[in-house]
Participant: 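Here you go, one structure.
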Amino acid sequence: MTLINLGVIIGLFLGLYYLKRKNLSFGKRILLSLLAGILVGIALQSVYGLDSGIIKDTVAWLNVVANAYIHLLKLIVTPLILISIISSILQLEDLKAFRTTGLKIIGLLLFTTMIAATIGAFSALAYGLSTQGLPLGEAETIASQNMTGKLSNFQAITIQEQLINIIPTNIFFAFTGQGQADTLSVVFIAVIVGISILRIRQYKPESADFLQKGVLYLGDIVMEIVDFILRITPYSVLALIAKFVATSNLESISRLISFITASYTAILLMFFVHLLLLGLAKYNPITYIKKAFPVLSFAFTSRTSAGTLPLTVHALEKDFGISKGIANLSASFGVSIGQNGCAGIYPAMLAVMIAPSVGVDPFTASFLVKLVIVTAIGSLGIAGVGGGATFAALVVLSTMGLPVELVGLLIAIEPLIDMGRTALNVNDAMVTALLTARLQHKQH
């Protein structure tokens, strides 16, 4: 039966390839991949059952496509961030221009995160969410213990040490992505290199030109790899979503339907805020949605903001006409700063849910104001990969003096919520780029 399942999936892959040869748009092929993946996942679970060995065998082969694709994305993320930020800085005239652009981008990212935290808190309040009465099984107990362990590790590092750790002692280790602050470390390295070349330009223009050409040549290689990744994206989207649907425990998910509903209510409201901001900046929201859909679809299925970075940069430059400097800076900064879903909505909702269990009234203005501020500050440096939301929750809950072990109660629905959160994170980076371009009149 596994061979039959694989035969059907390969047939769908061939169908997607045929549609590409017929020049069907990338966005439409992504949508068809999503629908096909959902149908395959539902069919597999309906026919064989969740714990079937046939499903496990089929998913193992799906993982060859899905995980290989995710590995490719992780492979290109670090060089893409490094080259993108350096080349972005070199597009600017001087250090003053860099400071102006960078501060606008960071300011917009943090501003939208504060809005997201507010929406998340009020969504939890409106739905009357609480951790009391939530199911606590073996998986949830293990998750709670892991959260407590992560908190101990987090608290063992002072704020001063966390700031210092952003500066790597070994740039090659920072490129491996094994540390908590590696994304910010790569950003730091890129900024230092870019600024250094700008300074060299003032007294050795020939050296600066040589270095800039070298960065551009490396950028050509990176973007060629990105182009290859884009070509295989529809196939991996089908594999990712089919795997997710086929292996999801719908019974466990249904027990926590209120939190799912509240989460997606907050996510959709924040999407609306993004569109409202675009409307105020004289962008057509409908046109934006059409152009951004392929990128957001992949972010939704892959659950990695960092992994979506190549698609984000490509769409901002090619589809929206944003200048290379702003597109690269916004997309790269958006990976680790001010993620609206993972670092804004999610920790704020958890804080409101958990507060009553320790006798704190989440309806008070003092609690809500402190929560929004703490969430915005804590969003700095949240890695754009799976698990970033967990780290954001640790930061916010521990700062607010709330227990973190109760977060394990939500382990059953974490993947489902993370899909929407990731899409919102990426959307925020794209909207920030558009707004920054409008403020600086840098759209081409």
Side-chain angles (χ1 to χ4, degrees), residues 73-92 98 101-110 112-113 183-184 186-191 194 215 219 222-223 225-227 229-230 233 274 277-278 283 288 291-300 302-343 379-385 388 421-440 442-444:
L73 289 169
K74 290 181 178 180
L75 172 70
I76 200 62
V77 163
T78 295
L80 182 59
I81 291 176
L82 183 70
I83 297 300
S84 294
I85 293 180
I86 294 174
S87 60
S88 299
I89 294 173
L90 297 181
Q91 301 294 318
L92 304 174
F98 169 69
T101 303
L103 288 176
K104 284 179 181 176
I105 291 171
I106 294 173
L108 284 169
L109 288 171
L110 294 180
T112 53
T113 301
T183 302
L184 277 180
V186 174
V187 171
F188 177 82
I189 293 168
V191 170
V215 171
V222 170
M223 293 314 297
I225 298 173
V226 168
D227 185 62
I229 292 173
L230 286 171
T233 295
H274 287 167
L277 291 173
L278 290 175
Y283 282 106
Y288 170 80
K291 292 181 178 180
F293 179 78
V295 180
L296 300 181
S297 297
F298 178 73
F300 185 84
S302 67
R303 296 171 52 205
T304 164
S305 303
T308 311
L309 183 61
L311 284 74
T312 306
V313 173
H314 182 273
L316 287 172
E317 290 188 39
K318 304 299 182 183
D319 299 328
F320 291 100
I322 300 300
S323 67
K324 186 175 182 179
I326 292 176
N328 287 325
L329 281 177
S330 296
S332 299
F333 283 169
V335 166
S336 57
I337 297 175
Q339 296 190 348
N340 286 184
C342 292
S379 70
L380 292 167
I382 299 303
V385 294
R421 291 192 312 234
T422 305
L424 184 62
N425 296 340
V426 173
N427 196 66
D428 183 44
M430 297 179 74
V431 169
T432 296
L434 290 168
L435 295 178
T436 304
R438 181 68 80 202
L439 289 172
Q440 297 195 185
K442 286 290 182 68
Q443 198 169 6
H444 56 70

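Remember, predicted model here, so these are calculated numbers, not experimental data. When a residue number appears, it is its place in the shown sequence, counting from 1.
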Participant: Side chains of His274 and Leu424: closer than 4.5 Å at any heavy-atom pair?
Facilitator: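 A side-chain contact exists here, since the closest heavy-atom pair is under 4.5 Å.
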Participant: Give the intermediate values and the outcome of side chain to side chain contact (heavy atoms under 4.5 Å, CB included) for residues Val431 and Thr112.
Facilitator: CA-CA 10 Å; Val431 169; Thr112 53; 6.0 Å; no
Participant: Please report the shortest heavy-atom distance between Val222 and Pro79, naming the atom on each side.
Facilitator: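 Minimum heavy-atom separation between Val222 and Pro79: CG2-CB, 4.3 Å.
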Participant: Do the side chain of Tyr283 and the main chain of Leu434 share a donor and acceptor less than 3.5 angstrom apart?
Facilitator: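 Yes; judged by distance alone, with no hydrogens or angles, the pair exists.
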Participant: What distance do Leu439 atom CG and Thr432 atom OG1 have between them, rounded to the nearest 0.5 Å?
Facilitator: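 So the CG of Leu439 and the OG1 of Thr432 are separated by 10.5 Å.
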Participant: Under a 4.5 Å cut-off applied to non-hydrogen side-chain atoms, are Phe320 and Met430 in contact?
Facilitator: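 Yes; the side chains approach each other to less than 4.5 Å.
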Participant: Report the distance from atom CG of Leu316 to atom NZ of Lys324, rounding to the nearest 0.5 Å.
Facilitator: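 Answer rounded to 0.5 Å: 13.5 Å.
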Participant: Are Asn328 and Glu317 side-chain neighbours, meaning at least one heavy-atom pair lies under 4.5 Å?
Facilitator: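 With C-beta onward as the side chain, the pair touches.
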Participant: Working to the nearest 0.5 Å, report the span between OG1 of Thr304 and CZ of Phe298.
Facilitator: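 Result: 7.5 Å between the selected atoms.
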Participant: I need the minimum non-hydrogen distance between Ala299 and Thr422, along with the two atoms involved.
Facilitator: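 Minimum heavy-atom separation between Ala299 and Thr422: O-CG2, 3.5 Å.
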Participant: Can you list the steps and then say if Leu435 with Lys104 is a side chain to side chain contact (heavy atoms under 4.5 Å, CB included)?
Facilitator: CA-CA 9 Å; Leu435 295 178; Lys104 284 179 181 176; over 6 Å; no
Participant: List the atom of Arg421, the atom of Cys342, and the distance in Å for their closest heavy-atom pair.
Facilitator: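 Heavy atoms of Arg421 and Cys342 come nearest at NE-SG, 3.8 Å.
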Participant: Mind listing the closest non-hydrogen atom pair of Thr436 and Ser330 along with its distance?
Facilitator: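 Closest heavy-atom pair between Thr436 and Ser330: OG1-OG, 4.5 Å.
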Participant: For the residue pair Thr308 and Ser302, establish whether any side-chain heavy-atom pair is separated by less than 4.5 Å.
Facilitator: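 Yes - at least one pair of side-chain heavy atoms lies under 4.5 Å apart.
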Participant: Would you compute the distance between atom OG1 of Thr113 and atom CG of Asp428 and round it to the nearest 0.5 angstrom?
Facilitator: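 Reported to 0.5 Å precision, the distance equals 6.0 Å.
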Participant: Atom CD1 in Ile83, atom CD1 in Ile86: separation rounded to 0.5 Å?
Facilitator: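 CD1 of Ile86 is found 5.0 Å from CD1 of Ile83.
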Participant: Which pair of heavy atoms, one from Ala429 and one from Ala331, lies closest together, and at what distance?
Facilitator: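 In terms of heavy atoms, the two residues are closest at CB-CA, 4.4 Å.
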Participant: Side chain to side chain contact (heavy atoms under 4.5 Å, CB included) between Phe333 and Leu108: does it pass, once the steps are laid out?
Facilitator: CA-CA 11 Å; Phe333 283 169; Leu108 284 169; over 6 Å; no
Participant: Restricting to non-hydrogen atoms, name the atom on Leu309 and the atom on Val335 that form the minimum distance, rounded to 0.1 Å.
Facilitator: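 Minimum heavy-atom separation between Leu309 and Val335: CD1-CG2, 4.0 Å.
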